[in-house]
8 protein chains.
Amino acid sequence: MTKSELERDLESFRRGEMSADELVARLRAEPFEDLGFAKLDRHREMRQGLSEVVYGAGKTADEIIAIVGRLKTMSGRPVLVTRMDSEKFPKLVAAIPEARYFERARIAAVGEFPEPDARGEIAIVTGGTSDGAVAEEAAVTAEALGNRILRIYDVGVAGIHRLLAHVEELQRASVVIAIAGMEGALATVVGGLVACPVVAVPTSVGYGAAFDGIAALLSMINSCASGVSIVNIDNGFGAAVVASRINHR
Amino acid sequence: MTKSELERDLESFRRGEMSADELVARLRAEPFEDLGFAKLDRHREMRQGLSEVVYGAGKTADEIIAIVGRLKTMSGRPVLVTRMDSEKFPKLVAAIPEARYFERARIAAVGEFPEPDARGEIAIVTGGTSDGAVAEEAAVTAEALGNRILRIYDVGVAGIHRLLAHVEELQRASVVIAIAGMEGALATVVGGLVACPVVAVPTSVGYGAAFDGIAALLSMINSCASGVSIVNIDNGFGAAVVASRINHR
Amino acid sequence: MTKSELERDLESFRRGEMSADELVARLRAEPFEDLGFAKLDRHREMRQGLSEVVYGAGKTADEIIAIVGRLKTMSGRPVLVTRMDSEKFPKLVAAIPEARYFERARIAAVGEFPEPDARGEIAIVTGGTSDGAVAEEAAVTAEALGNRILRIYDVGVAGIHRLLAHVEELQRASVVIAIAGMEGALATVVGGLVACPVVAVPTSVGYGAAFDGIAALLSMINSCASGVSIVNIDNGFGAAVVASRINHR
Amino acid sequence: MTKSELERDLESFRRGEMSADELVARLRAEPFEDLGFAKLDRHREMRQGLSEVVYGAGKTADEIIAIVGRLKTMSGRPVLVTRMDSEKFPKLVAAIPEARYFERARIAAVGEFPEPDARGEIAIVTGGTSDGAVAEEAAVTAEALGNRILRIYDVGVAGIHRLLAHVEELQRASVVIAIAGMEGALATVVGGLVACPVVAVPTSVGYGAAFDGIAALLSMINSCASGVSIVNIDNGFGAAVVASRINHR
Amino acid sequence: MTKSELERDLESFRRGEMSADELVARLRAEPFEDLGFAKLDRHREMRQGLSEVVYGAGKTADEIIAIVGRLKTMSGRPVLVTRMDSEKFPKLVAAIPEARYFERARIAAVGEFPEPDARGEIAIVTGGTSDGAVAEEAAVTAEALGNRILRIYDVGVAGIHRLLAHVEELQRASVVIAIAGMEGALATVVGGLVACPVVAVPTSVGYGAAFDGIAALLSMINSCASGVSIVNIDNGFGAAVVASRINHR
Amino acid sequence: MTKSELERDLESFRRGEMSADELVARLRAEPFEDLGFAKLDRHREMRQGLSEVVYGAGKTADEIIAIVGRLKTMSGRPVLVTRMDSEKFPKLVAAIPEARYFERARIAAVGEFPEPDARGEIAIVTGGTSDGAVAEEAAVTAEALGNRILRIYDVGVAGIHRLLAHVEELQRASVVIAIAGMEGALATVVGGLVACPVVAVPTSVGYGAAFDGIAALLSMINSCASGVSIVNIDNGFGAAVVASRINHR
Amino acid sequence: MTKSELERDLESFRRGEMSADELVARLRAEPFEDLGFAKLDRHREMRQGLSEVVYGAGKTADEIIAIVGRLKTMSGRPVLVTRMDSEKFPKLVAAIPEARYFERARIAAVGEFPEPDARGEIAIVTGGTSDGAVAEEAAVTAEALGNRILRIYDVGVAGIHRLLAHVEELQRASVVIAIAGMEGALATVVGGLVACPVVAVPTSVGYGAAFDGIAALLSMINSCASGVSIVNIDNGFGAAVVASRINHR
Amino acid sequence: MTKSELERDLESFRRGEMSADELVARLRAEPFEDLGFAKLDRHREMRQGLSEVVYGAGKTADEIIAIVGRLKTMSGRPVLVTRMDSEKFPKLVAAIPEARYFERARIAAVGEFPEPDARGEIAIVTGGTSDGAVAEEAAVTAEALGNRILRIYDVGVAGIHRLLAHVEELQRASVVIAIAGMEGALATVVGGLVACPVVAVPTSVGYGAAFDGIAALLSMINSCASGVSIVNIDNGFGAAVVASRINHR
């Protein structure tokens, strides 16, 4: 129910063409979408960028094609498919020729990414090469959401000088995404070097008692550095959304 | 080594009063504080607000008095003592008469809090009354860091209308701190209602299989809402630092 | 030992054709089935609906055919095979032509489902599309047990308005089955909206620290909403049995 | 906003005393309580019995007196205070003379309990004497909610004949609450004996690897008996609410 | 060093053909095998039955053939290969024609099993059909160790009358092996019915929160029945060794 | 219903003084205690030694006195109270003068212990002095159940020669109880030295990652030695019951 | 049995004063202490420094006095009592006047510490002030074992420059003990800065999801730096023993 | 910036060809590599042996060839590729003919191993044959780092005499690597037999409650033997680095 529909209803009621009961019934019928939750609707418009993200894991190529086609029609914005295996892409690109594939990020995208519309820059820092897939998922997502990205990869703290060589860049960033597996110490050291918020992403990289990311998760959540908050294990996408929201403040 | 000391050394070297070896030795002697890490120093100045925070748990009143006295002298900024038991306060206020005590927050403070210097507002939302201590720790910390706070307490999602009554306020906030124990569902519902970053704080409130906050921690880290990141269990202080950094972007 | 057999034995004893020792020996020989546990037998009749359920995982098509054939002969009621892979169905239907297959639910059924014989309705609510298999296992099982089902799928609480649009339907239900993975917050929000019992089913949907359903399980078991009880991870069948028993009160 | 207030507002609007904008603003101002969520309000009335329950742990006697006083005024129904230590009761009864204390249940109550208004009976079964406090919390809560209770205590399955002696009583019950610590096997055995829903409550009774109820929780959630759902460790109150809702179907 | 070798050495020493230093050196050279640990050797003879058991998992058919061949030569006793996949057996039987394969138990055996040489009987009880592989591993092992076995399968406690029908048989047993997955309640109920030792084996049967046998393990280790001890998850072999040692007392 | 009562009833029935319905009703009334489960009763007589054990933790001195008094009257056998704090003993001995207290074992006993009536000996082995309380609980319990005990304490495997000095004694035992905390390696080493059953008891001795006995529990349950089964953490009593049953085979 | 006793026995045997059987019996009687394990004895002498350490937790002052008195007599070396509460010291020093107490380390010592007899130095590094007790336990123990200690405290990696200021000192050390709680990242950063072995000690410092040291333990065991091994949570003593052994290579 | 570059810059500055600001800017530009962290560089040279290790898991044969080729050019030292599947080796050896493959260790090596340059010997002890892969990873790594290795395999403590037969060899070692799965008791027994440092490696060998090495990890970290520190599960490489550093002290 748009605002004009509401005004028309109220007018009908005033003119006696609609009873009070009828009016109340209409108001109740879709109360959240239209009246009480019009704010929700405005909110949903604000997050359009997100609503066009499809979680590709466990979906067939055909399902993905159908969903992407529908989303593309509904909005003029780019559509992302995360966690999509490379072998599904040929079928997707055959159906939707403008589709692109970011291999490392395991993301397929349809539609141009917007120009960066936030003043700051998101720095993405990783501990090792194996964290690259999670980092690229974060990077591509953040770019699709209109952010400038600075990639600082393979600067794990076991060789602290590698990270220290990038201190000035880190300190210029608007927000830092720190991605590491194993003992996850990167988040703490980065947290101590910058004054901006740090979004930490534990990864499932590691073996033995790394327990698929639990060790890094516990390490990061207990970071003795202030200003660090975390997202789920391997959740590069989630970190990018948080960082993008911060960067667009 | 201050900048003027460095310049004096360079001048000495140029005039031949100091050999190249001596100069290099001096540069190496404290390289991070003074030269190579001058940026760290500038950075530290930027976070002065944080460096004056004392973790009070496990410290005696006398130790707290000594540390607060020293910090107060070193900077003109307010000093916070977190996790301080109320019974230590009389001794503290006897020694430092300007000290104030925030009982619910378990925080003692010395020195005036700054005027809010960030444009936005931090909304602090809690699930139940038992989350109040963590919420107040966050609120007082954030105020001391120069933020305006909006408290929305006791709006747990088991009675969803209580939370929904505050949707507009939440949507105006610059960042939301969502605090809940038990099943921690609040973070997810709030995350779905707002477009700003949400910092979630699991609390140790609950019993049985709540496991002192693990249930809420797992719930929040797995939130199906985007834009949510988390800090440690009961870590109201940490959430406030993250939120303040976001709010000061 | 049927009642008439018992009476015949007692008569033989009275007439001296059977000694006291013989009688006691006979009574002891199968005491639970026939005498002491006649109540158990009656009870078993009461739950016939359940005894015809076969857990299909780990059984070959041949084993399933054999068991279903026997069960079908023993009772006039429908036989369900849960957790049955679709590739086993062709063999089953070849052997038992009346067999049907519910693909999403992974259930094969032989025999007509009964007309709903309970007054109320079981509402089945899910958080996301990935919870659909568990939901359908619950739905098909509940239908086979004589219940009317209302499916309300994909109403996860990260977009709370989706769930709220169904409040009236939920409040009409006799019992609600709430199915969600990830952070499992759905159970709590639903629990706060209805006055009937809620049976919560954590699912293994999620990644990272979702730990195959542990996060949702802990979340649901700690729900701050009253009236919520839970069954095992992914146990749509179990939830349906509990809900059907409630609905048939 | 009551229905009559709404009608008055609509009338004002129709008569031109209130503009369309004013009307919409008023409708939006408290939309859930009064318009869109009037159903919630009706619902809340239906659960009044629950809203008068106070969780006493961690509250002072004075806080409890204040809350109970207020709740008593707001409704004519009994008020329960759960998890209340016995040493707080003298102060409570001094302030509110009609207060009673159920020692084993650790529940204080103000106001007469209603006559049982459900047809069936709730059977409460425990494994051992140490489960008594949880059982009584369930029993007193259920009585306050208008249920008839049958107590079958100390029938742990290590001596199965103790439980079997009560089979007929159990089979007459409308719903069974099975309470056990240690290995929690009681829930499974009871679940196999009855055709009604079983609400299982793991207790923290046990030592060593009982892990404060985790062993019993896992045992019960994995019960091979159908028709069993569980609530949190030691949560006698929660089990009673679930059972009462079932019993009032 | 055999006893005769020792005597020869001592004789050499006495005759002066060997110095004291040489004698001590010889005694020290292999002190445990031959002198100090002669008791160990005798002990090893006593457990010959065990030393001929090969853990087949992770070994190739060729490796198994080599080991079995050697063991067979070294002793006259039967050789067991546990956890051996059926597809390795054709190669084994081609090399060692007398080899037999126990399919359900996943055990290959070479050599006749001894006649039962213990007075008592080992009863093996299982909760469900899925526990059969573990049960058969226990049964075949125990038979190979010279025990008489009584199999009582599929008597899970969710239908307690199935177990009670076998009470007399259970009470005649010398030791009972109770095998169950899921909630593992069988061990407790059996423990309450018999006066002999019960060896409980948790199995990895179950799903969801069964956690591959942890639920059953915790349940069994916390059994409220006395006289129950447990072995590792799915360890039918280990249970058989314990039971056989008890039965041979 | 004793056997003579049963015979009297049957006689009444035969003489027509009791109808068939009455007889069946009587048989059903207490079927397990008296008819169907007479074997249970005989069994219970066999385990009298156990039924007179009271778990003292969490019981007041008065409760203990009442229970012990009753048990003493019911049977001529000794009564044990386990886990009883020493400060409760003065009150107990004042009420029941013949009571004795085993301080290390935290066991009070009333009535003479029987002469050892089993041929073999139970060896109790501990890793360190801190395991002494658990060991003495096992030792006193086993003595009360009619076993001869051999105590071999403080022979932890970090100094393997201490244990090896007792090999012959260990090998003479009928069953060994191996008690250790920390890493629990004692059970494995003992298991490799003897041919009799080993009952392992993990203790909560240790700190840090010992996790109150979990480390020892996991270590023992995974023992690479055959013939080892375990009981709960710190459960000296349970180990004694298992060992006594083995020793009385 | 000393070497001279052995020689005397052999001589007796040679002269025919002792039969071969008697000789073998004597050799077997205490074979490990005296013959077969003479090497163990030599070994024990080598570790005398360790055998004079008493674990004070859970021992009374009187027990400690007795043990220390005996140990002091048995060897000329210093005796340490670790984990000893300060309130027990007055009684100890009254009985043994030369006793000293290291308050932060919670260690009492009797006897002079040896001069450092290892070439290198053990650096002890901590993350925060709260790690001090563990660090001092390590430091005092290592000094008692004859090592030179370099204390570098409060250099947690959240302020990396604090640690970097000590790089040269760290690189001169023979072995580094890295002690940290919370996220335990210190071990990894230190491990990347030095070429000597690093012994990492997780501490129970932290709150929330630190889980009494588990987070730090997992972090350290998964360190991406090579050359790091760990000891138990809070085990300063154990780290000192490992470091001392390395330093005495 | 090399030392000569630094000297040239300083000379330029002295001659006025470079301003003080320029000089400081240059010094800051790469301060760690060249000035402040020259010590880091020297350190890196010291660990060259390590920097040539490639973690092969998850890398393609082509990636490995590229990395090995580059590393080989950069230094004259051997290059190791750990965790490399055997099927990748043919491609590697085709590209780099001098490559060798250690099958059990899953390590490929290019370049001659250095002569042992440490005085002592590293003893590698394993519990069972299944620990062999981890042991060989440790052995080959340690050899590549210039150590002499003593392999003592399959001496698990369930047959303690197997281990005791090697006591003298163990006691001659400079450092012992103790490798075991299941209950991991080997580390403790070895720790009690030697005076040198013991590096314990838990392996994922085992089943049931071994939990992929957690049981062994907990066992080893809680070892009651002094002088034992541990590395990650299955981390033979890490153990070798620690041991080599100790051996090269």
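Reminder, nothing fancy here: chain letters follow the sequence lines and each chain counts from 1. Just so you know, these numbers come straight off a predicted model, no measurement behind them.
Arg249(E) contributes no side-chain N or O that, together with a main-chain N or O of Ile246(F), makes up a donor-acceptor pair within less than 3.5 Å.
Contact annotation for Leu217(F): only side-chain heavy atoms (C-beta onward) come within less than 4.5 Å of a heavy atom of chain E. Heavy atoms of Val198(E) lying under 4.5 Å from chain F are absent altogether.
Of all non-hydrogen atoms in Arg245(E) and Gly191(F), the two that sit nearest each other are NH1-O, 4.4 Å. For the residue pair Ile221(E) and Asn232(F), the shortest heavy atom distance occurs at O-CB, 3.3 Å. Between Val241(E) and Gly227(F), the closest heavy-atom pair is CG1-N, 3.7 Å.
Environment of CZ in Arg151(E): crowded, with over 12 heavy atoms of neighbouring residues, nucleotides or ligands closer than 6.0 Å.
Taking OG of Ser226(F) as the start and CG of Asn235(E) as the end, the distance is 8.0 Å to the nearest 0.5 Å.
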